[in-house]
Undergrad: 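What follows is a single structure, and I will ask about it in a moment.
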Amino acid sequence: MRGKIVNIEKSKEIVTLAITNALEDKVKVTENMQLIGGDSLLDSMKLVEVCLALEDLADEHGFEFD
């Protein structure tokens with residue numbers, strides 16, 4: 001973490017927003033929804049879209065997204 005305090009609730013909000021955007025607001029995103037696998041609402045392209053959005057946000061805020 002190197003001196004930065006991580007706000008878990010804010011992090012959840014950011015991830016939820018990225019998933020909501022990828023799903024184009026068609027589904028209510030919940031904390032317990034499956035993100036990968038057969039029952040996921042995200043296909044592989046949407047999952048990549050979420051990862052890229054999170055990577056961009058991490059860059060903007062000085063965090064490494066891996």
Side-chain angles (χ1 to χ4, degrees):
M1 303 285 158
R2 299 189 190 154
K4 294 200 179 213
I5 297 174
V6 176
N7 180 325
I8 297 298
E9 292 306 313
K10 182 65 176 173
S11 298
K12 287 179 186 179
E13 183 181 310
I14 290 168
V15 172
T16 299
L17 182 60
I19 296 167
T20 299
N21 289 340
L23 293 174
E24 301 168 348
D25 287 322
K26 294 178 181 174
V27 176
K28 169 88 170 111
V29 175
T30 67
E31 194 172 309
N32 298 319
M33 73 183 292
Q34 187 170 337
L35 298 179
I36 57 174
D39 293 331
S40 173
L41 296 174
L42 296 169
D43 62 18
S44 59
M45 290 303 292
K46 292 294 183 184
L47 185 58
V48 168
E49 187 178 321
V50 169
C51 290
L52 290 174
L54 293 174
E55 185 176 35
D56 289 345
L57 287 166
D59 285 344
E60 288 174 20
H61 297 286
F63 289 92
E64 184 176 320
F65 180 78
D66 186 11

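One is the number of the first residue; the rest follow in order along the sequence. No hydrogens, no waters, no symmetry mates; every other heavy atom, side chains included, goes into these values. Everything numeric in this text was worked out from a predicted model, so none of it was measured.
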Undergrad: Roughly how far, to the nearest 0.5 Å, is CG of L54 from CD1 of I19?
TA: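 I19 atom CD1 to L54 atom CG measures 7.5 Å (nearest 0.5 Å).
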
Undergrad: Would M45 and V50 show up in the same hydrophobic cluster when neighbours are defined by side-chain heavy atoms closer than 4.5 Å?
TA: no

Undergrad: For the residue pair E9 and N7, what are the closest heavy atoms and their distance?
TA: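 Minimum heavy-atom separation between E9 and N7: N-OD1, 3.0 Å.
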
Undergrad: With the 4.5 Å side-chain cut-off for hydrophobic clustering, are V15 and L41 part of the same group?
TA: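 Same hydrophobic cluster.
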
Undergrad: Which heavy atom of L42 sits nearest a heavy atom of A22, and at what distance?
TA: CD2-CB, 4.4 Å

Undergrad: Quick one: CG on L52 to CG on L47, what's the gap to the nearest 0.5 Å?
TA: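 Answer rounded to 0.5 Å: 10.0 Å.
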
Undergrad: Please find the pair of heavy atoms, one from E49 and one from N21, that lie closest to each other, and give the distance.
TA: OE2-O, 4.2 Å

Undergrad: Should the heavy atoms of other residues, nucleotides or ligands under 6.0 Å from CG of D39 be counted, would the total exceed 12?
TA: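 No, CG of D39 has 12 or fewer neighbouring heavy atoms, counting only those of other groups under 6.0 Å.
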
Undergrad: Is the number of heavy atoms from other residues, nucleotides or ligands under 6.0 Å of E31 CD greater than 12?
TA: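 No, not enclosed.
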
Undergrad: Measuring from atom CG of D59 to atom CG of D56, what distance do you get when rounded to the nearest 0.5 angstrom?
TA: 6.5 Å

Undergrad: Answer yes if L35 and V29 sit in the same cluster of Ile, Leu, Val, Met, Phe, Trp and Tyr residues linked by side chain heavy atoms under 4.5 Å apart, and no otherwise.
TA: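 In one cluster with L35: V29, yes.
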
